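Worksheet for the structure shown next.
Keep in mind it's a predicted model, so treat the numbers as computed, not measured. Atoms considered below: every heavy atom in the structure, side chains included; atoms not considered: hydrogens, waters and symmetry mates.
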Amino acid sequence: MSSQALMWCMPPANYRKKRYKVRDKGPSHLQRYGGRTAPIPDSFIQNATCRSGRPGYPAHMFEFFLQFPVFCGTDLCPFGKGLVQNGVFLRGLRNRVGGPSCFAQALCDKKKQLCEGSTRMEEGLDSDGNTFSTREVMWEIYTGDEKGRDEWYTKGVNYWSAVEASVDGVLGGYGKISGRDVLDSNKFLMDCFKTLIPDARDQQLTALDCGAGVGRVTKNLLVHHFYEVDLVEPVQQFLDVARQELHFDFVGTKLKNVNFYHNSLQDFVPPEGRYDVIWIQWCIGHLTDADVVEFFCRAKLGLKPGGFIVLKENIAKSGFVLDKEDASVTRSDEYFRDLFQQGGLHVYKHRTQTAFPRELFAVHMYCLTTEFKKKKKKTKKAGKKGNTPGVIKDEKREFDPGLVPSTSSGVDYEE
């Protein structure tokens, strides 16, 4: 909802303090809205009796609010996060005459319609500019039957089979961003370790690199944190290059063994209870919604107790964008969160990639867990910080950016 539209829906700031006197009974206070100070257009000040029988905002406003998606008690609400729960507004406008209590019943009556796959109502478009009213319409067109599904995946593999097997090739000509990508990924992974696997550096951890390509993520990131890594890649020429890139003495790293699987993600079944971390980056867009959810369910079984999944993907501003050339879909944040919920995963940590070229999609990183975990609140230390400079301690670094064979051209992109 735009700020302008919201302005028309809310009473003025001094509504309860000076100019207006709130009364529980009688419509007398509504007569005050006949002048220029009315917070909503004069055309709405008619038949101003709410459905509950209480005087307040006009019934016309019901339709105005019901056009927006509402997640009662969890996510989006026209009045802000966390305002509605079980038909009761928790804070903010509860005590205002004709406020949310009048709308709560109407909103909750439509809860099933609005909450049930509300992101599915988002429109999408393809690379030719054609629009789709819902995601179901798009998938029905391209993968409506078994033949269409097979053609979808064959087209994706054929596209990447014709691409140069190099870092620049797998990154679509943007090999220069690899260094920055690895640095932000490393920071995110270390933050996840701190709370989910605090003693990670003392353990012999195992990771799965999904859609591994030429082994870029494993070589530049995962070798510094894991004892063993499995790589899954459907394009044979990429897997061959990954074998060459990772066939070296892993001096200065934790990696002792790598395994290669020539398989598609929609068909790969992770061994049960094998992995501490499953890393999925820039590949899940080639899977259909149904296959994404099914893979999440299989991946959960492949995790060790306390393990987690990291998903790093391009994010559309809203809805989805279909690339017909390589048979992939760029989903929005809401779209992904709906798939996470269907797969029984919880977002423990979420961060945005920084310093990428502006012409690219935004890239988000999600830490997904199989159980809901409460984050520990940070406690502020007593005392004020002085102006004296801190002491730089000479400690052994777990990850040295100098070890990363960066392909950057030296240009640093800042937002």
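Under a 3.5 Å cut-off, the side chain of E123 and the backbone N or O of F132 do not form any donor-acceptor pair. Under the 3.5 Å distance criterion, the side-chain polar atoms of H262 are matched with a main-chain donor or acceptor of P234.
For Q244, the side chain to side chain contact (heavy atoms under 4.5 Å, CB included) test picks out no residue, with sequence neighbours left out.
With H225 as the fixed residue, the side-chain contact (heavy atoms from CB on, under 4.5 Å) test singles out one of L205, I197, N186, D276: N186.
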V310 and Q281: CA distance, side-chain angles, deciding distance, side-chain contact (heavy atoms from CB on, under 4.5 Å) verdict: CA-CA 8 Å; V310 174; Q281 181 169 353; over 6 Å; no
Where do I278 and L303 land on the side-chain contact (heavy atoms from CB on, under 4.5 Å) test, with the steps shown first? CA-CA 8 Å; I278 295 178; L303 288 174; 3.8 Å; yes
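The minimum heavy-atom distance linking I284 with R331 is given by the pair O-NH1, 3.4 Å. Between Y174 and D168, the shortest heavy-atom contact is N-OD1, 3.7 Å. When all heavy atoms are compared, the tightest approach of P270 to G302 is CB-CA, 4.2 Å.
In this structure, R135 forms a cation-pi arrangement with Y335, its terminal cationic atom sitting closer than 6.0 Å to the ring centre and no more than 45° off the ring axis.
Side-chain atoms of R216 and S178 form a donor-acceptor pair, as typed in the model, at a separation below 3.5 Å. No side-chain N or O of Y159 forms a donor-acceptor pair with one of S328 less than 3.5 Å apart.
A ring-centre distance under 6.0 Å is not found for Y348 and F308.
Classification of the F340-F296 ring pair by plane angle, with boundaries at 30° and 60°, yields tilted. The aromatic rings of F336 and Y366 sit tilted, their planes meeting at an angle between 30° and 60°.
Using a cutoff of 4.0 Å between basic side-chain nitrogens and carboxylate oxygens, K194 and D191 are scored as salt-bridged. Classification of E146 and R149 as a salt-bridged pair holds, one side-chain N sitting under 4.0 Å from a carboxylate O.
Sorted pairs that involve residues 263-272 and meet side chain to side chain donor-acceptor pair (under 3.5 Å), not counting sequence neighbours, are lacking altogether. Sorted by first and then second residue, the salt bridge (charged side-chain N to carboxylate O under 4.0 Å, His left out) pairs with a member in residues 316-325 read D128-K324; sequence neighbours excluded.
Using a 4.5 Å heavy-atom threshold, the side chains of E313 and W282 count as touching. At a threshold of 4.5 Å between non-hydrogen side-chain atoms, the residues E228 and R274 count as touching.
A 6.0 Å sphere centred on CD of Q203 holds more than 12 heavy atoms belonging to other residues, nucleotides or ligands.
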